[in-house]
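To start, the structure itself, in structure tokens.
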Amino acid sequence: MGVGRAYTGGTVALRLPLPSRVPSLAREVALPHTPRLLRVGPRLFLTTLGAFLVLGLPVAGLVSQGVYDGIHRSFAERSLRESRLVAALPPVVAALSGNAAERANLNALMNRYRDQLGADYVVVTDRDARRLTHPNPAQVGQRMQGGDFTAFLRGRSVTETVQGTLGRSVRSKVPIVDGAGRVLGLASVGFLLPRLRDVFLDVLRAGLPWYLLALGLALALALGVARRVKTEMLGLEPEQIAGGLRQYRAVLNTLEEGVLVARAGQVFVMNPQARALLGTPDAALPLPWPPGLPLPVPGAGPVTAEVAGRPVLLAAQEAGEGAVVVTLRDLARVRALADELTQSQRYADLLRAQTHEFTNRLHTLAGLLHLGETREALALIHAQSARHEAHLQAVGALRHVRLSALLLGKFDRAAELGVTLTLDPLSALPGTLPPGVLDLLELAAGNLIENALEAASGAPDAEVRVLIATDPEGLILEVRDTGPGVPPALAGTLTARGVSSKGTGRGVGLALVSDRAQALGAALAHDRVSADGQEWTRFTLDVPLPEAEE
């Protein structure tokens, strides 16, 4: 059983079952392969090890240099202090002042003094810098080497690091003066300096156990962090997460619908289409749920809302762990697609009606010809031709091909249903119409005539009359039928989506016509009128035009 991690988004705790997430993600997205050495665990381990190895030697070198400099300063201070003590000793002053006995015992005295000080050498010279004392008796009487031999003659002390006969050392040269203030010689106490390499090796030997302990702890910590990171990343590698994220981002950004992922009143995912609809192109996520925008109940069906003056359709689905995926669609585009689908369905119905009509005519003609009734066959052909010619002349004044074609199809549909369809002789349209008006006419004429034909069919002397014309106030579409009329219970909600007297699954056409009419400032109404001795159901669409044309 996998152990989940708890994440908090807003006020809702989210637990992700790790083992089940990885296989499902791999089934949804092709994850890139990651070589073993580039995975999180080995990468952190090798990075930590490399950092310690690269930084270890420089750090040891810096520490060694610091230790070496400290040793040098300590020896320099000590050399100056001890040299001053030697220069002030009475036996030393007496030996340089001409006391032969003191001079003979001076080297042995300085060697004992050297042992007491822990120095490497104590040298006393005359004014010519010739040694009177030295740890090596062979060097007694030889001139002292290296450094400054003028400062002590002027009564100044000097500390220097030089290469002498015993090796590299730090020493001080302090003048030896008598009671009269004359410079008799110099006293120098020296300490041999260790080699920097030796100090470096000593530092390494002393710090190596601690260095290895720190390295071990760092590597153990790196492995622990790697396991923790791997757990937090659902067992995936960074490249796999990045690859999956790119794939999901590509899908979200190419959807036509806006997509929001909300949790605890906060929006955590928003694709560009949703940003465009909501007007938040540069806002950083997470964002509070947009005020005034309803949050649909998951699975309860879409709801409509208005965003920045634009109607949108919202639908929600539960995504698990307290998250809700909300899709936003431009309602105008949805309606346009529904209009296109409705028109396509109606054109298909018209083609089916025409096919049925012509099939029947062909069967009748074939039968007449088989019977040898050529006169009857010719009469049928002429009657059919005359009827179609009359229909063509009737729709000719409409001056718009698509609308004329729609009416011609409705004539065949009416013949199929046994309904007499008549286009009023006063029907006429101008050659140009404002944008959207012709589409509205096609949508309204198709729906209203189809509804009228269905309402009137099945009754004796069924008839539908259509008027499409302009008047001083604009454009009018009027459809009358001899059907039973609109049920009183539906009269007030007839244009609402899903409301129909023809059963479930209907009630879309009039809703689309009403929505499109409202967008263009048109008005759709229905009533009952009496004319020619019978009752008619009348639907009227009034479309205002900027300038009505005759």
Side-chain angles (χ1 to χ4, degrees), residues 64-199 201-203 206:
S64 301
Q65 185 64 51
V67 172
Y68 184 83
D69 292 342
I71 293 174
H72 184 275
R73 286 192 300 272
S74 175
F75 282 167
E77 295 171 357
R78 185 178 174 187
S79 172
L80 179 61
R81 183 174 60 254
E82 304 298 344
S83 296
R84 286 174 177 170
L85 290 175
V86 171
L89 290 174
V92 173
V93 175
L96 290 177
S97 298
N99 188 325
E102 294 291 346
R103 187 161 186 163
N105 295 325
L106 186 60
N107 191 39
L109 177 63
M110 290 299 102
N111 285 333
R112 290 195 302 271
Y113 193 70
R114 172 177 60 83
D115 293 336
Q116 294 176 2
L117 295 178
D120 290 295
Y121 60 85
V122 177
V123 174
V124 177
T125 70
D126 57 16
R127 287 179 57 87
D128 295 329
R130 294 191 179 278
R131 301 186 187 96
L132 301 180
T133 64
H134 195 274
N136 183 4
Q139 296 295 328
V140 176
Q142 302 294 323
R143 197 173 189 278
M144 193 175 185
Q145 297 178 2
D148 183 4
F149 291 100
T150 60
F152 83 94
L153 296 175
R154 298 192 297 273
R156 291 175 48 218
S157 300
V158 62
T159 302
E160 57 192 9
T161 303
V162 295
Q163 182 67 33
T165 56
L166 298 179
R168 188 170 181 79
S169 62
V170 57
R171 66 189 182 188
S172 296
K173 295 176 181 176
V174 177
I176 302 172
V177 296
D178 59 8
R182 291 179 304 168
V183 176
L184 304 177
L186 67 84
S188 177
V189 177
F191 297 90
L192 292 177
L193 291 175
R195 289 182 298 176
L196 182 59
R197 185 184 66 180
D198 297 333
V199 175
L201 293 177
D202 290 340
V203 170

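Note: hydrogens, waters and symmetry copies are ignored here, and every other heavy atom, side chains too, is used.
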Notebook entry, point to check: Under a 4.0 Å N-O cut-off, is there an ion pair linking Arg130 with Asp126?
Noted result: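 Looking at Arg130 and Asp126, the cut-off is not met.
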
Notebook entry, point to check: What do the steps show when you test Val174 against Leu80 for side chain to side chain contact (heavy atoms under 4.5 Å, CB included), and what is the final call?
Noted result: CA-CA 8 Å; Val174 177; Leu80 179 61; 4.1 Å; yes

Next item on the list: Only one of Glu82, Arg112, Met110 passes side-chain contact (heavy atoms from CB on, under 4.5 Å) with Val122; say which it is.
Entry: Met110

Measuring from atom [atom1] of [X] to atom [atom2] of [Y], what distance do you get when rounded to the nearest 0.5 angstrom?
{"X": "Phe191", "Y": "Thr161", "atom1": "CZ", "atom2": "OG1", "result": "12.5 Å"}
{"X": "Asn111", "Y": "His134", "atom1": "CG", "atom2": "NE2", "result": "9.5 Å"}
{"X": "Arg84", "Y": "Leu89", "atom1": "CZ", "atom2": "CG", "result": "14.5 Å"}
{"X": "Leu117", "Y": "Leu85", "atom1": "CG", "atom2": "CG", "result": "7.5 Å"}
{"X": "Ile176", "Y": "Leu96", "atom1": "CD1", "atom2": "CG", "result": "4.5 Å"}
{"X": "Met144", "Y": "Arg171", "atom1": "CE", "atom2": "CZ", "result": "3.5 Å"}

What are the two closest heavy atoms between [X] and [Y], and how far apart are they?
{"X": "Ala119", "Y": "Gly190", "result": "CB-O, 3.7 Å"}
{"X": "Ala87", "Y": "Val93", "result": "O-CG2, 3.8 Å"}
{"X": "Asp120", "Y": "Pro135", "result": "O-CG, 3.7 Å"}
{"X": "Ser97", "Y": "Asp178", "result": "OG-CB, 4.5 Å"}
{"X": "Phe149", "Y": "Ala129", "result": "CD2-CB, 3.6 Å"}
{"X": "Ser83", "Y": "Val189", "result": "OG-N, 2.9 Å"}

Notebook entry, point to check: Between Tyr121 and Ser169, is any side-chain donor less than 3.5 angstrom from a side-chain acceptor?
Noted result: yes

Note to self: Can you confirm whether the side chains of Arg131 and Gln142 place a donor and an acceptor under 3.5 Å from each other?
What the structure shows: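 Absent: no donor and acceptor within the cut-off.
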
Next item on the list: Examine distances only and state if a side-chain atom of Arg127 and a backbone atom of Val183 form a donor-acceptor pair shorter than 3.5 Å.
Entry: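 Yes.
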
Checklist line | Any donor-acceptor N/O pair, Lys173 side chain to Asp148 backbone, under 3.5 Å | finding: yes

Next item on the list: Could you check Leu106 against Val124 for side chain to side chain contact (heavy atoms under 4.5 Å, CB included), going step by step and ending with a plain yes or no?
Entry: CA-CA 9 Å; Leu106 186 60; Val124 177; 4.2 Å; yes

Item checked: Residue list, side-chain hydrogen bond (donor to acceptor under 3.5 Å, both in side chains) with Ser172, at least two apart or on another chain ->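 If we apply the side-chain hydrogen bond (donor to acceptor under 3.5 Å, both in side chains) test to Ser172, skipping adjacent residues, the hits are Ser79, Thr159.
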
Item checked: Arg156 atom CZ: more than 12 heavy-atom contacts under 6.0 Å -> no

Note to self: Pair Leu132, Val140 - check side chain to side chain contact (heavy atoms under 4.5 Å, CB included), show working.
What the structure shows: CA-CA 6 Å; Leu132 301 180; Val140 176; 5.7 Å; no

Check: So Val86 and Tyr113, side chain to side chain contact (heavy atoms under 4.5 Å, CB included) or not? Walk me through it.
Finding: CA-CA 9 Å; Val86 171; Tyr113 193 70; 3.2 Å; yes

